[in-house]
Every structure is written in C-alpha cells, then in structure tokens.
Protein chains: 2
Amino acid sequence: MEKQTITIYDVAREANVSMATVSRVVNGNPNVKPSTRKKVLEVIERLDYRPNAVARGLASKKTTTVGVIVPDVTNLFFASLARGIDDIATMYKYNIILANSDQNDQKEIQVLNTLLAKQVDGIIYMGNKITDELRAEFSRSKTPVVLAGTIDPEQQVGSVNIDYIGATEEVVANMIANGKKNIAFVSASLSNPINGQHRLKGYKNALVNANIAFNEALVFECEPTLQNGELLAEQLLEAGVDAAYVAGDELAIGLLNGIINADVSVPEAFEVTASNNSRITEMARPKLTSIMLPLYDIGAVAMRLLTKIMNKEEIDEKSIILPYKIVNRGTTSPKK
Amino acid sequence: MEKQTITIYDVAREANVSMATVSRVVNGNPNVKPSTRKKVLEVIERLDYRPNAVARGLASKKTTTVGVIVPDVTNLFFASLARGIDDIATMYKYNIILANSDQNDQKEIQVLNTLLAKQVDGIIYMGNKITDELRAEFSRSKTPVVLAGTIDPEQQVGSVNIDYIGATEEVVANMIANGKKNIAFVSASLSNPINGQHRLKGYKNALVNANIAFNEALVFECEPTLQNGELLAEQLLEAGVDAAYVAGDELAIGLLNGIINADVSVPEAFEVTASNNSRITEMARPKLTSIMLPLYDIGAVAMRLLTKIMNKEEIDEKSIILPYKIVNRGTTSPKK
DNA sequence: GTGAAAGCGCTAACAT
DNA sequence: ATGTTAGCGCTTTCAC
C-alpha cells in the first residue's frame with residue numbers, strides 16, 4: 001500500500017474550508033481571518049502537508065528556479081561565481097538548476113533548451129563566446145538572461161563584469177614599471193572576447209603608453225591547464241620573455257612553476273601576474289600577484305540583476321561593471 | 001500582446017490528430033504510424049512547439065531532476081564530485097538542482113525540504129555527519145537518497161566511498177617506513193565519521209602495526225583552510241612532529257607551505273601526505289603525495305546508483321566501495 | 001473573508 | 001494505430 005500524498009484538498013476538507021483558503025494561508029495572503037488561518041495551520045501540521053511546487057509551477061507559471069549554465073564547475077573561477085549566484089538565489093527563494101556546458105556550442109544550445117523546457121524563470125550564463133545561434137535562442141524565448149563574467153559584444157542581455165581592459169593595462173604597466181621589457185600575453189582562447197578583445201587591448205594599451213612596440217610573437221594562446229603552463233615556460237624563456245600576464249590562474253601557476261623549475265628567479269628575473277585571484281593564487285610558491293576579480297560578487301550581482309528583471313523592476317543599467325583591485329604578492333617586485 | 005505559448009493541444013489541432021498521438025510521438029512511443037508521426041513532427045517544427053516539462057512532471061509524477069546537496073561548490077573536492085554526478089545525470093536525461101548547505105544542519109534540512117517540494121526524483125547528499133533529524137527526513141520521504149563521499153554509520157541509504165581506513169593506514173605506514181617517528185594526524189572536524197572514525201582508525205592501525213604508541217597530542221583538528229594549515233606548521237614543529245597525514249588538500253598545502261617557510265626541508269626532515277588528490281595537490285611546491293580519491297567517479301557512481309534505485313532496478317550492493325591509489329610525489333621520500 | 005470552478009499542459013488508462 | 005477522458009495539485013478569477 002503506497003503512502004497517499006496529502007494534497008491541498010485533504011487539508012481543506014479536514015479544516016472545513018475551501019482549497020482557496022488553504023492556498024491563501026500557504027501563500028501568506030492577508031485576506032484570511034486569523035482564526036481560520038490558525039485552524040488551517042493546525043491541520044497542515046497534523047497532516048504534515050507539503051505543497052507541491054510542480055503543481056504550483058504549472059498553475060502559476062512560475063517555478064522559482066533559475067538555470068545556470070557553466071562551462072565546468074570544477075573550475076574555481078566558475079565555482080566561485082556559482083556560489084555567489086546560489087547565495088543570492090536562496091535569499092530570494094529561488095533554486096538553481098546547474099548545467100555544465102563544457103564550452104561546447106552544441107551542448108550549450110541543448111542545455112539551454114532543456115532549461116527552458118523546465119520553465120525556469122531566468123537564466124544565468126557563463127561561458128566564452130556567445131554564438132549567433134545561442135543569441136538567437138536567447139531572444140526567441142521570453143525568459144530573461146544575464147551573463148556573469150562573460151561578455152557579449154552585442155550587449156543584448158544583462159551582464160556583470162569588471163573593466164578587463166583597465167585591469168590588464170594596469171598590471172602590465174606595473175610590470176613595465178618594474179623594468180620588464182619583454183612581457184608576454186598568455187591566455188586561453190582568444191575567441192573569447194574577454195581575452196581576444198578586452199585583455200589583449202589592455203595589454204596593448206600598456207605597451208603603447210610605455211612606447212614599447214607590440215610583438216605578435218609574445219602572445220601565447222593555449223588551453224588553460226596547469227600542465228600547459230609548465231610546458232609554456234620553456235618557450236617563453238627561449239623567446240627572451242621576462243614577465244607574463246596570464247589569463248587563467250591555473251595556467252599561471254603552471255607557468256610559474258615551470259619558470260622556477262628552469263632556475264629562473266621570480267620575481268627578480270621573471271614576473272608573473274595572474275588574472276582572477278581565485279583561491280589557488282595563494283597556494284602558489286611564491287604567492288601570485290593577481291588582478292582581484294570579485295568572483296563571488298559577480299555571481300551575486302548577476303543573480304540580483306536577474307531577480308529584478310524577473311520581477312519586471314526598473315533597471316538603471318543592464319551592463320554592470322564591478323570594481324577590481326590588484327593584489328601584489330610574491331611574483332612581482334614589491335611596490336615602493 | 002503576449003506571445004501565446006504553443007501547447008500540445010495546438011499541435012493536435014493543426015495536425016488533425018488527438019493530443020494523445022502528439023504525446024506519443026513526443027515521447028517516442030512506437031505505436032504511431034510513420035506517416036502520422038511525420039505529419040505531427042512537421043507541425044511541431046512549424047509551430048516551434050516545446051513540451052512543458054512542468055506539466056509533464058505533474059501528470060507523470062516524474063520530474064527527471066535530482067537534487068544535489070553539497071556543503072560548498074567552491075571546494076574542489078565537492079565540485080569534482082558534482083561534476084561526476086552531472087555528467088552521468090545528463091547521460092540519463094536528468095537535471096541537477098544544486099544546493100549549498102554550508103555544513104549547516106538547519107540549512108541542510110531546509111534545503112532538503114525545498115528539494116522535496118520540487119518533487120525531485122532522487123537526492124544525492126554530500127556532507128559531514130548525518131544528523132538524526134536529517135536521517136529522519138530521509139526516511140520520511142519516499143524519495144531515494146544516495147550519499148557521495150559521505151558516510152552514515154547507520155547505513156540506511158545507498159552510498160559511494162573508498163576504504164578510508166585502509167588508505168590512511170597505507171600512507172601512514174609509508175611515512176613510518178621512511179623513518180618518520182612522530183607522525184601527526186591533521187584533520188577537519190572529527191565529528192565527521194570519515195575523519196573521526198575511519199581515517200583516525202587507519203592512522204592508529206598503522207601505528208599499532210609499527211609498535212608505535214598512539215599519542216593524543218599528535219591529533220590536530222581544525223577548520224580546513226589554507227591559512228590554518230600555515231599556522232599549524234609552527235605547532236607541529238614545536239611538538240617535534242616529523243611527518244603529517246592531512247585530511248583536506250587545502251589544509252595540506254597550507255601546512256606544507258608553513259613547514260617550508262620554517263626552513264624545514266621536505267621531504268627529508270618532514271613529510272606530508274594529503275588525502276584527496278584534488279587538482280590543487282599538483283600545484284603545491286613540491287607536489288603533494290596524496291591518497292588518490294577517484295573524486296569524479298564517486299560522483300558518477302553515486303548518480304548511477306541513484307538512477308538504478310529510481311528505476312527500481314535490482315541493487316546488488318548499496319554501500320559501494322571504490323578503489324583508491326596512492327600517488328607518491330615530492331612531499332614524501334621516493335620509494336625504492 | 002471565503003468558496004466555486006475553471007484551468008495550467010500534459011500523461012495514462014481505457015476504448016475503439 | 002488512434003482518440004476520449006480523467007485527472008496530476010495547485011492558483012486564480014469571480015462571486016458572494
């Protein structure tokens with residue numbers, strides 16, 4: 001004999017009221033006489049009634065869940081964003097359906113569609129490049145979308161980021177000020193606008209300001225793994241590089257370790273600056289100097305923005321830029 | 001004018017068939033004449049019809065989503081498990097609702113309840129200790145639960161783990177074989193049965209086998225953060241410790257760095273063995289020797305087990321023990 | 001302040 | 001192979 005699920009109807013019958021009234025007390029509607037409210041609450045307690053969110057979702061057309069598309073939770077960068085998202089979501093009574101996309105265009109589309117099928121009230125997207133197909137899907141559905149730590153040059157949807165150009169320019173300028181001449185720009189895929197447009201632009205800006213000619217050969221693009229960083233060290237050294245801005249913390253640690261393995265002293269003979277200040281930058285030896293992205297905040301603010309859009313509140317600015325800092329640690333010369 | 005949502009009814013009308021037939025083709029039911037299937041598919045395409053998963057869930061009492069309760073996604077240990085879970089979930093057409101519990105007993109209960117309200121088909125739980133209250137909630141609902149990388153001494157529900165006792169015993173024995181005499185047991189909360197019972201037991205076993213007396217003062221319990229690890233170094237050194245088994249990779253790195261900062265040579269004068277082999281163990285300098293937990297696999301197998309339970313398939317063993325390995329790296333003496 | 005009743009969009013017998 | 005018909009458990013007008 002299966003345990004019978006208790007429905008709103010059971011509660012109504014036991015409390016001698018209508019379903020509507022039960023619904024009202026469950027939803028905190030004030031239009032209920034205190035005495036009836038009390039009576040209903042007692043029955044709910046006694047029967048151990050739990051509202052069914054699926055039925056509620058169907059009837060109200062709101063699921064109080066938002067979809068989060070992330071390349072890979074296993075990447076501390078995205079995990080930190082996800083954490084910020086989840087905390088704010090919880091605060092506003094939303095739940096998160098998390099979906100890994102593997103940066104795979106096909107899977108992204110598919111994942112987006114199952115999220116939409118599940119009637120999520122909104123979507124937060126993190127990733128590289130927004131393909132045209134993805135952008136088309138975004139605008140086809142009426143479901144609000146916010147990008148977190150992700151840039152779409154088209155700026156159709158809301159987004160939360162920092163000033164990547166300024167930040168990169170600043171750290172590269174720092175290394176130049178420390179006397180470095182041949183600074184490499186090391187990064188994951190340049191097809192990601194953050195890397196290929198913003199960060200690279202900041203890098204070039206710093207060079208221009210210091211009257212240093214841009215050298216294409218000092219731009220290194222590779223999969224951002226620890227091992228690739230280690231392998232890259234040799235190449236950089238051969239190219240006469242004496243400092244590197246690295247987009248991707250894990251890649252930065254790999255590079256740093258590779259440099260040290262080659263018996264080059266850091267930061268005296270070689271400086272490294274990382275880009276995200278995810279927790280691993282503090283695990284490195286020496287600890288990595290890094291741009292400090294407010295990872296958690298980017299996620300939190302993105303979620304907050306999404307709640308506003310879902311509630312159709314007034315939005316002053318849908319492309320939010322958060323402040324960043326620079327954390328000088330052991331891989332660059334101490335500031336005077 | 002709001003865009004009208006297309007329902008199964010619209011498709012049925014346009015295709016001159018019944019809703020039931022449309023439902024059949026959507027669900028891949030073979031009992032449909034190829035020609036009608038084709039016709040329906042065309043209409044679906046033309047109208048851009050998307051099945052509503054919420055309605056489907058209400059009608060079928062299956063949501064094809066599972067809840068995942070995790071202390072903190074930002075912890076690489078849990079993120080890796082989550083990744084394994086998600087991949088297998090995707091493979092079986094399930095989605096994941098991810099909820100951070102912060103190891104907070106109250107929040108865990110609450111999160112569990114909202115997951116149940118959303119009618120998830122199953123739950124994967126990761127955490128420390130299963131409180132009695134939580135266990136009660138688990139058994140009260142008919143929703144299947146599987147523990148991933150988490151031990152419940154009561155063994156009421158399915159779980160996936162490794163042999164923590166054996167693994168710990170082995171690595172401690174290794175350090176003893178390397179000539180270390182005063183080996184510390186450093187760990188996060190001992191109230192977590194994995195730490196307080198299994199790992200500590202393994203540690204004691206190794207001592208017994210080597211005829212070394214157990215010394216309570218060599219057991220260190222603390223919040224597993226990088227900084228705490230660094231701070232702990234001094235204490236260990238003062239206590240005359242010459243090796244440490246550390247439960248928690250981030251804590252292990254902190255300790256290692258602290259030891260090195262104190263100018264003690266690793267592994268000659270001090271050995272360290274970590275417990276999880278999450279990616280950060282390779283970022284340490286020197287790289288950390290560690291027990292290699294199959295993190296991804298634990299998540300994947302847990303999800304697979306859950307699918308079986310949800311499908312009411314035959315389960316041979318609900319407490320699964322996966323194999324582990326030991327990875328000898330730079331923080332212990334090389335094996336001969 | 002409360003109730004009646006009509007859906008929400010779909011699945012699942014049960015017929016045919 | 002296809003259609004009919006109840007629901008699934010809730011919200012939401014609209015009356016009263």
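So that the names make sense, note that chain A is the first sequence line, chain B the second, and so on, each numbered from 1. Please read all numbers here as calculations on a predicted model, not as lab measurements.
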Note: B/Ile96 and B/Ala89 closest approach over all heavy atoms is CD1-CB, 4.0 Å
Ordered by number, residues from residues 40-48 of chain A within less than 4.0 Å of DNA chain D (heavy atoms) are none
Could you please spell out the steps behind the side chain to side chain donor-acceptor pair (under 3.5 Å) verdict for B/Gln155 and B/Ser319? CA-CA 8 Å; B/Gln155 305 234 21; B/Ser319 296; 2.6 Å; yes
I'd like to check the side chain to side chain donor-acceptor pair (under 3.5 Å) partners of B/Asp48; sequence neighbours left out, ordered by chain and number. A/Arg140, B/Arg50
Sequence neighbours left out, what passes side chain to side chain donor-acceptor pair (under 3.5 Å) with B/Gln119? Give chain and number order. none
Would you say that B/Val54 contacts A/Thr63 through its side chain, given a criterion of any heavy-atom pair below 4.5 Å between the two side chains? yes
What closest approach, in Å, do B/Ala99 and B/Val111 show between heavy atoms, and which atom pair accounts for it? CB-CG1, 3.6 Å
What string of B, S and - do you get for nucleotides 2-10 of chain D 5' to 3' if you count protein non-hydrogen atoms under 4.0 Å? BBB--BBBB
Hits for side chain to side chain donor-acceptor pair (under 3.5 Å) against B/Tyr92, two or more places apart or cross-chain, chain-then-number order -> B/Arg304
Stepwise side chain to side chain donor-acceptor pair (under 3.5 Å) check, A/Thr307 with A/Asn311: CA-CA 6 Å; A/Thr307 63; A/Asn311 288 333; 5.1 Å; no
As a check of understanding: the bend across the helix from C/dG1-D/dC16 to C/dT16-D/dA1, end axes from five pairs, rounded to 10 degrees, works out to 30°
Which residue is it: B/Ile69, B/Val70, B/Asp152, B/Leu115? I am looking for the one with a side-chain contact (heavy atoms from CB on, under 4.5 Å) to B/Tyr125. B/Ile69
What closest approach, in Å, do A/Tyr296 and A/Asp87 show between heavy atoms, and which atom pair accounts for it? OH-OD2, 2.6 Å
